[in-house]
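Please read the structure below before turning to the comments.
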Amino acid sequence: MAAETMTKTKWVYAFGGGGADGDAAMKNLLGGKGANLAEMSSLGLPVPPGFTITTEACTHFYANERNYPAELEAQVAAGLKTVETLTGKAFGDAANPLLVSVRSGARASMPGMMDTVLNLGLNDATVEGLAKLAGDRRFAFDSYRRFIQMYSNVVLNLDHHMFEEILDEHKERLDVTVDTALSAEDWEAVVSDYKRAVEDERGAEFPQDPQAQLWGAIGAVFASWMNDRAKFYRRMHDIPESWGTAVNVQSMVFGNMGDTSATGVAFTRNPSTGENRLYGEFLINAQGEDVVAGIRTPQALTKVSREEMGEKAPSMEEALPDVFAQFKDVVSRLETHYRDMQDIEFTVEKGRLYMLQTRNGKRTAKAALKVAVDLASEGLISKEEAVMRVEPASLDQLLHPTIDPASTREVIATGLPASPGAATGKIVFTAADAEQQGGSVGAVILVREETSPEDIRGMDAARGVVTARGGMTSHAAVVARGMGRPCVSGAGEIHIDTRAGELRARGRVFRAGDVITIDGSTGEVLAGAVKMIEPELSGDFATLMGWADAVRRLKVRANAETAVDARAARQFGAEGIGLCRTEHMFFDPARIAAVREMILADDEAGRRAALAKILPMQRADFVELFGIMEGLPVTIRLLDPPLHEFLPHTAEDVEAVAEATGLDPVKLLRRAEELKEVNPMLGLRGCRLGVSFPEIYEMQVRAIIEAACEVAASGRPAPIPEIMHPLVAKGEEMKFLRELTDRTAKAVMAERGQTIDYMVGTMVELPRAAIRAADLAEHAEFFSFGTNDLTQTTFGISRDDSGRFLNAYIDKGIFEKDPFVTIDQDGVGDLIRLAAERGRAARPGVKLGICGEHGGDPASIAFCESVGLDYVSCSAYRVPIARLAAAQAAVGEREKDR
Ligand code: ADP
Ligand code: MG
Ligand code: MG
C-alpha cells in the first residue's frame, strides 16, 4: 500500500497554452490523437486546451474488473483545473461554463471506437450561461440539443432515430426543411422534448451534473475499446487488444456560431492520387461531425477545387480568406514538421482558427507511392525512408485491373471518386447481404445511403462500395481506401429503396442481384459488367521498386508453371522461378489420358510406355519456360500429389482411358479402386512416388535436362535447372533420389554431348526433414521450405479442413493469426531456423529459400530475412509486394543490429 502511494503514476497529460506534458513520440501512452494534440500545442499552434487520460489507465481499467486507478479522479480534477485556468472558464459554472469534448484515441486510428461527445458540461443552468456569454440563445440551445443527442446515443446507448423523429416532427409542424430555419425558441422546445424522451426511455432524467456527464463519457470511451466494431477492426488490422485507448478531454470551440464560424477536414495532399495540393472539405456554421456525416454537402477548401468540381457554394479560400491564409500556413508547417502528408481536423470560431487533430493521412496505394516518391524528391525524406513509407500489402491495389478506356460506359450515376480501382458485382443493399453473398462466395457491390462503422464487415466482403450521400472524407470513403476497395461516394442521383430492394437512377430501376460496375477513379457507376485492363507498372511504382531493390538482400522469385505465369512473374520483377509444380502440367486435358494410363498400368513396362508419351510434352513445357526465364534459375519440383488426384472419376473417363490403351475397362476400374488411400496426403505422394516408381522421376529429369540442352544449344541463355524432390524425410531417401537424378542427367548429357549446370535439392516440408537437415544436406544442394505442408505437418492440421475450427481458435486468441497466412514463428519458424543452421553446418553455402504461400506475406518475409534465407518465392502478382517487404525487412534487420 505504502509503496503504491509512493510511486505515483501519471495518468493524465495536459496540453494547451503553447505547451504540453507529452509529445508526438508518446503515441503508445497518449494515443495518436492525444500525442499529436500535445505536439501541435508545443509547436505554438492554436489548440484548445485539454488533457489526455493515458492508454495505461485503460489497460488498468480492464486488468482490474473495470475499475479506474485510485489516483485518476484527483488527476482528472487537476487537469480540468488547468484547462479552466487557461480558458478562464469553469466546468459546471452556470455563469461562465467551460464545455468540453470527450474523444477516444488509440495508438492507431480506429473508426470502430466511440463517437466523440461534444458540448459536454451543458445542462439546464449552463445553457443559459452559454446563451448570455455568446449573446446568442439560438446557438446555445442548438448546442444543447446536439449534446443531448450525442450523449444519449453514445453514452446512454439510446437510439438516435428517436431524436431524429422528434426533430422531424418539429420541422413538419413549423413547415421548414432545414435546421437553420429553427429559432432559439424552437430549439428550446426540441430540447425539452429530447429530455422527456430520454427520461421515458431510461426511467431517469438526462444527467444534469457535469461531473457525472464527464465520468459517464470517460467510461464509455474505455468500454468502447471492447465493443464488437472495435474488436473486428483490431482483428482486421492486427491491432493487439493490450494497447488500450486514451481519452482526450478538450475545451470546446464552436464552429456553429454563425457565418464566420466553420468546421472542416483537410489533407495536405490528395489522399486518392497523392497530388501535392491542399485538399479537403468544410461547412460554414457547423459543428463536429457534420462534415463527415453526409447530412449537408460540404464545400471545397480551395477555389481551384471548387471550380474543378463545378460547385457554386464558395470555397473556404473565398468565404473566409484571412483564416484560410493562416490555415494554409499552419498545414504546410505541419507537413514539414511531420515529414509526411497530414490529415487535419479544424474549426473556425468567429473568424479564429483552431486545430483539433493532425495525423499522418491514410491514403490509397497510388497516393502512398506518389507521396513517398515526391517527398524524397523534395528532399524531405530519404529514398530509404520512402521505401519504408509504403505498406507492401497495399501494392495489391495497384496490381488490380481498371476499366478499359475503349469500352463503352453506360453511366447510370456519378458521385465522387472516393477510392480508386474498378469492380463489377451484383447489387446488395445491406452489409449483411454483402457478408452472405460476397467474400469468397461471389462478387457484390454494396450500395448504401451512407455507411457507418457497423457496415465494416459488409464492406470488406464487397468488391466495391457506392453511397448516395457523403463526401470524400465520409466513413465509406475513408474505410474503403484503407481496405483497397473501389468506392464511389455521394452519388446523389441514386435513390435507394431498401424495402423494395431496388435503386433508381436516371429513370432506370436496378434490383438487388443486378450487375453493376463502379469506377472509383472517376466516380462513375455503370450498368452491367465492363471490360477491364491490367495495371500500368511504370512511373512512381517503378521508381519506388527500384529504390526497394537497391535496399533488399533477399532475392524474390515467383511460383509459376505456365508461360502466362512466368511472363507475369518477369514483368513484376521476379528473379527466377522458385516453384514450378510439374503436376499442373499433367492435368492438361490433352495429357491426362496418358497420365492415367501411366498410373493405371500394372507394371513398369506399362508405365514406361505411357511415360514415353508424356516425355515430349514435358520437355516442350520446360523449353518454353526456360526460354521465358532467359537464364534465371528455375526450381522444378518433381511429381508430388497423391496419384488418386489423377484417377478417372467418371465412367466416361474410364472409357476414354480404356480406348486410348486398349485395356479392359473393368480391370481399369479395379485398379483405380486399389489405388484409393485412406489418408492420401500422408500416403503415396511426394518423393515416395519417385522411390516406388523411379521411372516417373527419371522421365521428368530427362525432360528437364533435355530441355535445358535444347535451349542452350539454340544459343539462348542457358538455364540453371534446380531439380527439387518433394516430401523428403530421410537422408537415405535423398541419397537415392540424388543418384537417380545424377544418373539420368549424365545419361542425357552423354547422349547429347553437352554439359549443363543443374542443381539437385529438396523441399523441406516435414518436421523430420528439418530436424535431420544435416543428413539431407549431404546430398541436397538446396532446401526450399515448403511452408504450406510444413505448417500442416507441424501442427497436424489439414489446411483444407482448418476452416472448420481455425476461426474459433482465432476468436479465442489461441492463434493470433492464421498460420497458413503468416508463418508461426515459434513452431514452424523454429524448425526453419534449425534446418537452416544444421543444413549450413553440413554444407556451407547450401541455398535456402521458401516457396509456400508465406513467401508473399510481409510478416513472413521479415522472418525469412531474420533467418538469412537466400530467397522467397510467391505467386507472380505478389512479387512486387515481396520485393518491397524484403527491402523493409532488410532495413528492419539492420536497425535491430544497431
Ligand atoms: P474522430 O476520431 O472520429 O475523428 P474526433 O475526436 O476527432 O473524432 O472528433 C470529431 C470531430 O469533433 C472533430 O473533427 C471536431 O470537428 C469535433 N470536435 C472534437 N473536439 C472538439 C472541440 N474541443 N471543439 C470543437 N470541436 C471538436
Ligand atoms: Mg468520427
Ligand atoms: Mg478526428
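Remember, it's 1-based here, ligands and their atoms both numbered in the order they're listed.
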Side chains of L133 and N96, heavy atoms from C-beta outward: is any pair under 4.5 Å? yes

Atom indices of ligand 1 within 4.0 angstrom of L118 heavy atoms, with elements: 12 (O), 17 (C), 18 (N), 19 (C), 20 (N), 21 (C), 27 (C)

Angle at the Mg ion (ligand 3), OE2 of E345 to OE1 of Q357, rounded to 10 degrees, please. 100°

Between Q357 and ligand 1, which part of the residue brings a heavy atom under 4.0 Å of the ligand: side chain, backbone, both or neither? side chain

For R146, is there an ion pair with D142 - N to carboxylate O distance below 4.0 angstrom? yes

Does any N or O of ligand 1 fall below 3.5 Å from an N or O anywhere on R359, backbone included? no

Would you say P48 has any N or O atom under 3.5 Å from an N or O of ligand 1, going by distance alone? no

Are more than 12 heavy atoms from other residues, nucleotides or ligands located less than 6.0 Å from atom CZ of R235? yes

Which segment of S109 sits under 4.0 Å of ligand 1 when only heavy atoms are counted: neither

Proximity of L356 to ligand 1 by residue part, where a heavy atom lies under 4.0 Å: side chain

Salt bridge or not for K81 and E84, using N-O below 4.0 Å? yes

Taking the six-membered ring for Trp, are F61 and Y68 closer than 6.0 Å centroid to centroid? yes

Can you confirm, on distance only, whether ligand 1 has an N/O atom lying under 3.5 Å from any N/O atom belonging to S104? no

For K328, is there an ion pair with E317 - N to carboxylate O distance below 4.0 angstrom? no

Going by the 4.0 angstrom heavy-atom rule, the piece of K33 near ligand 1 is side chain

Once you restrict to heavy atoms under 4.0 Å, what part of Q250 touches ligand 1? Side chain, backbone, both or neither. both

Result for side chain to side chain donor-acceptor pair (under 3.5 Å) between Y144 and one of N123, N119, D124 points to D124

Run the numbers for me: atoms of ligand 1, each under 4.0 Å from some heavy atom of T263, listed by number. 16 (O)

Verify whether the ring centers belonging to F147 and F206 lie closer than 6.0 Å. yes

Select the closest option to atom 21 (C) of ligand 1 among S101, S251, G32, judged by heavy-atom distance. S101

